[in-house]
There are 2 protein chains.
Amino acid sequence: MRSLAQRLTVTATALCWHVRTKDDVLDLAMDQIFGDVPIPGATDDWPEDVRVLVRGWRSAMLRHPWAPGLVGRPMLGPNVLARTEFLQAALVRGGCRGRHLAAATRTLANYVIGASLTEATWRRSVDPDARAAARDHVAAHADAYPTLNASGHLDDDRWDDDLLFEDGLDGVLRSVARHPPS
Amino acid sequence: MRSLAQRLTVTATALCWHVRTKDDVLDLAMDQIFGDVPIPGATDDWPEDVRVLVRGWRSAMLRHPWAPGLVGRPMLGPNVLARTEFLQAALVRGGCRGRHLAAATRTLANYVIGASLTEATWRRSVDPDARAAARDHVAAHADAYPTLNASGHLDDDRWDDDLLFEDGLDGVLRSVARHPPS
DNA sequence: ACCTGAACACCGTTCAAGT
DNA sequence: ACCTGAACACCGTTCAAGT
């Protein structure tokens with residue numbers, strides 16, 4: 001609050017007059033981030049529409065390093081709702097209805113939220129020491145972590161983040177498309 | 001820190017002597033939560049093994065109301081690693097290797113993290129006023145939100161959370177199983 | 001090694017007072 | 001209506017001092 005007010009060249013007390021509480025500022029910041037998630041035009045290729053939206057969603061989250069600290073709060077702003085509307089409309093175009101539609105919407109949102117949060121956390125706040133310590137722990141107890149060792153799960157440059165995100169997104173979309181409500 | 005120290009009937013300064021910083025306490029708390037995510041025995045039915053683990057993961061998150069505030073931090077504790085090892089081992093049993101394995105592991109983790117975070121946030125910190133305000137906003141602009149209105153996306157009692165989580169999990173598992181690395 | 005008490009620099013928010 | 005300055009209660013962390 002104090003430093004934000006300073007950036008606006010006012011006092012913190014002036015800021016408190018415009019917003020009710022700090023949480024309101026964070027909610028507004030969150031919705032502002034969603035504001036620059038591009039909403040593509042609806043095409044005949046609904047899975048591609050979903051892909052474009054979800055890629056933009058993830059990109060916007062990763063663009064703001066402090067975004068992970070905002071995810072534990074309600075997302076009910078108009079910008080969030082507009083993106084959700086587009087996402088769900090694309091799924092309806094894909095034949096989803098009722099319970100399948102609700103599940104598919106949540107699954108896609110969960111996927112992109114989880115991915116953005118994990119990636120942003122990883123590339124920001126994990127210092128090399130802690131990372132190396134975890135890798136040593138896994139390597140030292142090879143009997144307890146045979147799979148993680150074999151797959152190189154903690155070697156962060158093993159696979160490209162963008163690539164894995166795209167793979168997972170394809171999988172999720174496939175599972176949605178394969179289960180139309182008849 | 002101060003209130004935690006009080007619960008331990010010591011001063012805050014005493015607590016600061018045992019841990020380096022507050023973040024360390026939060027990291028330990030996070031790993032502690034994962035400690036009571038049950039690790040099932042490995043069976044022949046690997047998708048069911050994944051389901052049991054992931055259900056327990058979500059349950060543990062929802063059991064601790066302050067868990068959402070901890071997700072924006074690295075998860076590298078031994079308890080987290082042990083659950084990740086089990087998850088990835090089950091996927092290997094399902095035939096996943098290499099890049100597919102990495103993508104599948106992340107997809108499942110992203111799904112359960114996103115779902116737990118969203119649900120916990122929703123049922124904890126969203127006051128009825130804000131919820132009603134968002135619902136009114138969507139209803140008032142029916143032209144902008146045709147799909148959300150038709151699907152009742154903001155009516156939280158429209159579908160059961162457990163049901164939708166299970167549906168989405170089935171979908172994700174199906175997409176993993178359908179894409180074995182040949 | 002382990003704990004205390006006092007202190008430091010900071011935080012979000014409020015309240016009277018100004019214009 | 002909009003802003004200020006002072007103050008309040010709090011916070012994580014440190015530092016000298018104790019045992």
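In the text below, chain A, chain B and the rest are named by the order of the sequence lines, each starting its count at 1.
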- Query: Is it true that B/Arg58 and B/Asp162 have a side-chain N and a carboxylate O under 4.0 angstrom from each other?
  - Reply: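 Salt bridge present between B/Arg58 and B/Asp162.
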
- Message: If you assign each of A/Val10 and B/Asp23 to its closest nucleotide in DNA chain D, which residue comes earlier from the 5' end?
- Response: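 Its nearest nucleotide being more 5', the pick is A/Val10.
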
- Message: Quiz question: by atom type and distance under 3.5 Å, do the side chains of A/Ser151 and B/Gln88 form a donor-acceptor pair?
- Response: yes

- Query: Charged N to carboxylate O under 4.0 angstrom, B/Arg106 versus A/Asp167?
  - Reply: no

- Message: Given B/Arg73, which partner from the list B/Asp27, B/Asp31, B/Asp24 fulfils the salt bridge (Lys or Arg N to Asp or Glu O under 4.0 Å) test?
- Response: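 Of the listed options, the one satisfying the test is B/Asp27.
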
- Closest to the 5' end of DNA chain D, once A/Trp17 and A/Thr13 are matched to their nearest nucleotides, is A/Trp17

- With both distances kept under 3.5 Å, what pairs with C/dC15, Watson-Crick or G-U wobble?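 Checking every strand shown, C/dC15 finds its partner in D/dG5, with both distances under 3.5 Å.
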
- Does anyone know the first and last nucleotide of DNA chain C in reach of chain B, 5' to 3', at under 4.0 angstrom to a heavy atom?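 Counting from the 5' end, contacts occupy C/dA1 to C/dA7.
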
- Item | Short side-chain to backbone donor-acceptor contact, A/Arg55 and A/Glu166, under 3.5 Å |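 Side chain of A/Arg55 to backbone of A/Glu166: no pair is present.
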
